J.: 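My questions will all concern the structure given below.
Just so it is clear, the structure is predicted and the values come from calculations on it, not from any experiment. Below, read A as the first sequence line, B as the second, and so on, with proteins coming before strands; counting in each chain starts at 1.
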There are 2 protein chains.
Amino acid sequence: MSSKSSCLVTKLSHYVSLSDADRDRLATLEKAERNFGAGYEVYQGGDENKDLYVVKHGWAFSYTDLPDGRRQIVKIHHPGDIIGFPDVALKHATTTLRTVEEVCLCPFPKSSLDEILRRSPRLSALLLSIALRDQVVLIDVLRAMGRMSAQERVSYMLLDLIARLRITNRDMTDTIRLPMTQSQIADYLGLTNVHISKTFIRMEEDGYIHRDQNRLRILREDAMIELTDFHDRYADMDTSWFPQD
Amino acid sequence: MSSKSSCLVTKLSHYVSLSDADRDRLATLEKAERNFGAGYEVYQGGDENKDLYVVKHGWAFSYTDLPDGRRQIVKIHHPGDIIGFPDVALKHATTTLRTVEEVCLCPFPKSSLDEILRRSPRLSALLLSIALRDQVVLIDVLRAMGRMSAQERVSYMLLDLIARLRITNRDMTDTIRLPMTQSQIADYLGLTNVHISKTFIRMEEDGYIHRDQNRLRILREDAMIELTDFHDRYADMDTSWFPQD
DNA sequence: CGGTGGATTGAAACCAGTCAATGGGTGTGG
DNA sequence: CCACACCCATTGACTGGTTTCAATCCACCG
């Protein structure tokens, strides 16, 4: 079982030590894999809710549209993420999944969760914690959308991206690859592409960031952390209450 | 065991049939109870994360502040809700809990979840589903905040409140009690109290709602559902994949 | 009866949106 | 290999929804 190459195991092991049995359970989730080109819609909101996906590589995002076309991107997915988890609670998908670039996904059926819940209390606790932690992150995004200016929102997004990428990539520096277009960033932050453009330019002038192609360097991370009152929700979780199995 | 009087059991039974053992497990969560006056802060963001709470009666809300005082209310709590669930994943509370009016809460320790995860896969699945459903709801709120006008946001909030209250109160009509101030509503919707006032007046003039004291009547629910593309996330959940115990 | 918190009202300021034109890079097909 | 199309980022002028600030009104309460 090549669990070494599993982003999911890597990501989850960051929080808690897993038994061999649990590692195997997770590895089976990544048995199948499918590749998609850039800008491909894997499933659509309203579709019957069949599979979950583990991201093996590439970026994707989930979004919803209003009837008149306004779009809100609600989550950006990176390697190791589980896609579609929130929809498990419902019968139909609530969001549409779209790839940003070339992506490899591992689909697995909802019913795999059944197995985990029955056999591994410890893994169940971890999955529950991930779901709850994601709620906290959504709440942070909500705060950004409700009460922050454009520059603060962009700063928040960049800090959040870096924090997430650092989990699986410990030697991440202050430079990230940002394959999303400014329109997509706008749809994520509740702004317009025009205003994103102006905000990036302003932030570059002010020395917060430096851009080069689709790579972006954070120059004043501390200032941005203070500006947005940023808290890293990914580095630590409270696993002290977990069942020992 | 007076599980008949338990809002939590009522709320959860709405989704799935529970064994007596499971009902008892839930009932023990409501053993203790504490009363609080209006406008009381039960715990604060940053506090060590000790207890969860089940709401027995009264409204409360969770919020976060930015350093400069901007406030975002992230969740409004009603009877039967579990408060502080998202924070289980972390060591410290991320939000402050404040009562809207006189409230009765039942505190229980995080470790009670341990027991549930080890003993009842079915109840574990339900708790996980609740957490995931709440994520979907947060995503809906996010969409409202990111892409909707003031009137649309207010409409969305009212529809959401009604949908939630209808779960435990099946004979709810089109009239709800709204004990929150306009400043609190503004902090929930990412607007200002002034604009909330103007928006309510406008909506009343346009025949969407009627206000009387702190009671509010929805006159054109269908129009508001269409305006906001509203989906009820509370009525149905997909419990088909749950372990049978 | 004064004090207080909440709701309302109006004027002015501002952040972000809209619209439209321009430029740059990339890939494709002739 | 060049011409063209297309997508994306940029730019500027104008618009507009929401905020800000401040004053007033109102109900409730001690």
J.: Can you check whether A:Trp59 and A:His78 have ring centres sitting under 6.0 Å from each other?
T.: yes

J.: When the nearest nucleotide of DNA chain D is assigned to A:Arg147 and to A:Glu204 on a heavy-atom basis, which residue is associated with the more 5' position?
T.: A:Glu204

J.: Taking the side chain of A:Val194 as heavy atoms from C-beta outward, which of C:dT9, D:dG12, D:dT19 is closest to it?
T.: D:dG12

J.: CD of A:Gln213 versus P of D:dA9: gap in Å, rounded?
T.: 12 Å

J.: Can a salt bridge be assigned to the pair A:Arg143 and A:Asp229 using a cut-off of 4.0 Å between side-chain N and carboxylate O?
T.: yes

J.: Given C:dT8, is OP1 or OP2 found less than 4.0 Å from the side-chain N or O atoms of B:Gln182?
T.: yes

J.: What is the distance from CZ of B:Phe200 to C1' of C:dG6, rounded to the nearest Å?
T.: 13 Å

J.: Roughly how far apart are B:Gln44 CD and B:Asp47 CG, rounded to 0.5 Å?
T.: 6.0 Å

J.: Base, sugar-phosphate, or nothing for A:Gly190, non-hydrogen atoms under 4.0 angstrom?
T.: sugar-phosphate

J.: Measure the distance from CG on B:Leu178 to P on C:dA7 and round it to the nearest whole Å.
T.: 10 Å

J.: Among the candidates D:dT19, D:dA13, C:dA7, find the nucleotide nearest to the side-chain atoms of A:Lys198.
T.: D:dA13

J.: Ignoring the backbone of B:Thr181, work out which of C:dC19, D:dT18, C:dG6 is nearest its side chain.
T.: C:dG6

J.: Between atom NE2 in A:His195 and atom P in D:dT11, what is the gap in whole Å?
T.: 14 Å

J.: Please state how far atom CE in B:Met148 lies from atom C1' in C:dG17, giving the value in whole angstrom units.
T.: 18 Å

J.: From A:Lys75 NZ over to B:Ile139 CD1, what is the distance, rounded to the nearest 0.5 angstrom?
T.: 8.5 Å

J.: Would you call A:Arg147 and B:Asp187 a salt bridge, taking side-chain N to carboxylate O under 4.0 Å as the test?
T.: yes

J.: According to a strict under-4.0 Å criterion, is B:Ser197 in side-chain N/O contact with OP1 or OP2 of C:dA7?
T.: no

J.: Assign A:Arg211 to base, sugar-phosphate, or nothing according to its heavy-atom contacts below 4.0 angstrom with the strands shown.
T.: sugar-phosphate

J.: What is the distance, to the nearest angstrom, from the CG atom on A:Leu216 to the P atom on D:dA9?
T.: 12 Å

J.: Would you indicate what B:Ile196 reaches in the nucleic acid, counting non-hydrogen atoms under 4.0 angstrom: base, sugar-phosphate, or nothing?
T.: nothing

J.: Tell me the interatomic distance from B:Met203, atom CE, to C:dT8, atom P, rounded to whole angstroms.
T.: 14 Å

J.: If I take atom CZ in residue A:Arg70 and atom C1' in nucleotide C:dG17, what distance separates them, rounded to the nearest angstrom?
T.: 12 Å

